[in-house]
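In what follows, a structure is listed as structure tokens, so that the remarks can point back to it.
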Amino acid sequence: MIDVPLSALEVAMVQTGTRAEETLRDTAPFAREMERLGYHRIWYAEHHHSPAIGAFPPVVLTAHAAAATSAIRLGSGGVLAPNHAPLMLAEQFGALAALHPDRIDLGIGRGPGTFDETIARALRRGAGPTTDAEYQDDVAAVLSFLVDEVALDPLPEPWLLASSTAGAALAARLGLPIALAHHIRPDNTRAAVERYRAEFTPSRWCERPRVLVCVETVCAETEEEAAWRIGPMNVVKAGLLKGLSEIPFPTPEEAATHPFTPQEQQALAGFRAQQAVGTPETVLRRLAQLAEETGADELMLTTPVYDLRDRVRSYELIKKHAEATTAP
């Protein structure tokens, strides 16, 4: 049984055979569907220079989705601090929070959002990689600017994205709720949660530890169909294992004929075992297990499947069966 809120992370996959504009136009319909289904929030991820993921700024997607909905929370998951001036982030999300009261989240992360060093340097106006100290200063500066410079009411709800114990320690020290990237580095989740809870210091932003865990989740009526739906993402992940970052997001038909090596199959199987892919019963059992293991206050599902209708259907099946299992 799932007794924590469920949310969605949208990474805007650009399907082979389609244009990025089509993915962009899916933003509003997807947000309306998630609101109709009763999901708690949607976050938008920041990526650059990828044939598989659209380079759509989270602040723009958040604003567009907020205008198309009325209740669901929206925000970044996340904006990447090394790519932006702290004051600009504070102004952008502060304005959104004032326009859409009590609905806007500002999730902040560290990665560059690209594997291309040339693009990373262009985003940083020629600067090199951000150090730990610089990143920590940038996050603290965003929070300070929200209060001292933006000073609108209400402010966005800040979160820190993390996939390591170092990120967990920073979230704990700043007194921020934490969003753990279990869908990227699942092996780090347990240690990160433990450090965050052990070192948490209350702040104006958060009085107690709050943990959100993001899980790669694909649900379908049968195990075979779920495996078919996750096929394209398996191809992308296999490419990343080889250090290939410019892998298009293939169709399920193309993915079904992809020649995975035994090593890739083993690595993918290990990763999938820590996520939630399968029938509603399989997915809900896995999500409940993960919530119990981590003590998560919320689960965020990211569903990288090829077609918008199939993506929405996955979320629909989960919600329908979750509500059925909790009904009196």
Side-chain angles (χ1 to χ4, degrees), residues 9 43-48 57-59 75-94 96-97 104-115 117 119-151 155-185 187-214 294 297 300:
L9 173 66
W43 282 355
Y44 301 98
E46 178 180 346
H47 293 277
H48 303 277
V59 66
S76 56
V79 287
L80 304 173
N83 301 339
H84 306 276
L87 178 57
M88 184 61 71
L89 288 181
E91 288 179 343
Q92 289 174 342
F93 282 86
L96 277 176
I104 302 301
D105 302 326
L106 172 53
I108 307 172
R110 178 173 178 177
T114 178
F115 292 95
E117 185 58 33
I119 297 298
R121 286 185 175 274
L123 288 163
R124 299 168 182 158
R125 303 183 70 180
T130 300
T131 65
D132 289 343
E134 289 171 337
Y135 171 60
Q136 293 175 24
D137 288 347
D138 281 348
V139 176
V142 172
L143 300 177
S144 177
F145 283 136
L146 280 173
V147 176
D148 299 331
E149 294 294 330
V150 175
L155 291 172
E157 183 174 87
W159 289 71
L160 194 77
L161 277 62
S163 61
S164 68
T165 54
L170 177 60
R173 178 166 61 82
L174 294 174
L176 294 177
I178 191 170
L180 290 166
H182 184 82
H183 66 301
I184 297 176
R185 294 180 178 174
D187 293 339
N188 293 352
T189 300
R190 185 184 294 270
V193 168
E194 291 175 353
R195 183 164 186 182
Y196 173 70
R197 294 190 187 281
E199 299 181 12
F200 182 82
T201 301
S203 73
R204 66 169 294 153
W205 307 109
C206 194
E207 296 181 354
R208 62 171 183 82
R210 289 176 61 197
V211 175
L212 178 155
V213 176
C214 188
T294 61
D297 300 284
M300 179 167 277

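For the numbers below, each heavy atom of this structure counts, side chains included, while hydrogens, waters and symmetry mates do not. Predicted model, so just to flag it, every value in this text is computed and none were measured.
- We find the CG-CD distance between L80 and E46 to be 4.0 Å, quoted to the nearest 0.5 Å.
- Going from atom CE of M300 over to atom CG of L9 covers 6.0 Å, rounded to the nearest 0.5 Å.
- With contacts defined as side-chain heavy-atom distances shorter than 4.5 Å, the pair W205/L146 qualifies.
- Counting all heavy atoms, side chain and backbone alike, P82 lies closest to G111 at CD-O, 4.5 Å.
- Residues M88 and V59 form no side-chain contact, since every pair of their non-hydrogen atoms from C-beta on lies 4.5 Å or further apart.
- Salt bridge annotation for R110-D132: present, with a cationic side-chain nitrogen under 4.0 angstrom from a carboxylate oxygen.
- For the side chain to side chain donor-acceptor pair (under 3.5 Å) condition, the pairs that include at least one residue of residues 172-183, sequence neighbours left out, are Q136-R173, H182-T189.
- Evaluation of the side chain to side chain contact (heavy atoms under 4.5 Å, CB included) rule for S76 yields P58, V79, F93, L106 as partners, not counting sequence neighbours.
- Nearest heavy atoms, A81 versus D138: O-OD2, 4.0 Å.
- E199 contributes no side-chain N or O that, together with a main-chain N or O of A172, makes up a donor-acceptor pair within less than 3.5 Å.
- Nearest approach of C206 to G175, heavy atoms of both residues: CB-O, 3.2 Å.
- In this structure, S164 OG and L180 CG are separated by 9.5 Å, a value rounded to the nearest 0.5 Å.
- Under the 4.5 Å side-chain criterion, counting only non-hydrogen atoms from C-beta, L176 is in contact with L143.
- In terms of heavy-atom proximity, A179 sits nearest to W43 at CB-CZ3, 3.6 Å.
- The backbone N or O of S163 lies less than 3.5 Å from a partner atom in the side chain of N188, making a donor-acceptor pair.
- At least one side-chain heavy atom of L170 sits under 4.5 Å from a side-chain heavy atom of Y135.
- Contact of the R197 side chain with the V211 side chain is registered, since non-hydrogen atoms from C-beta on lie closer than 4.5 Å.
- Among all heavy-atom pairs drawn from T165 and R195, the shortest one is O-CD, 3.6 Å.
- Shown here for A192 and A168, the closest heavy-atom pair between the two residues is O-CB, 3.3 Å.
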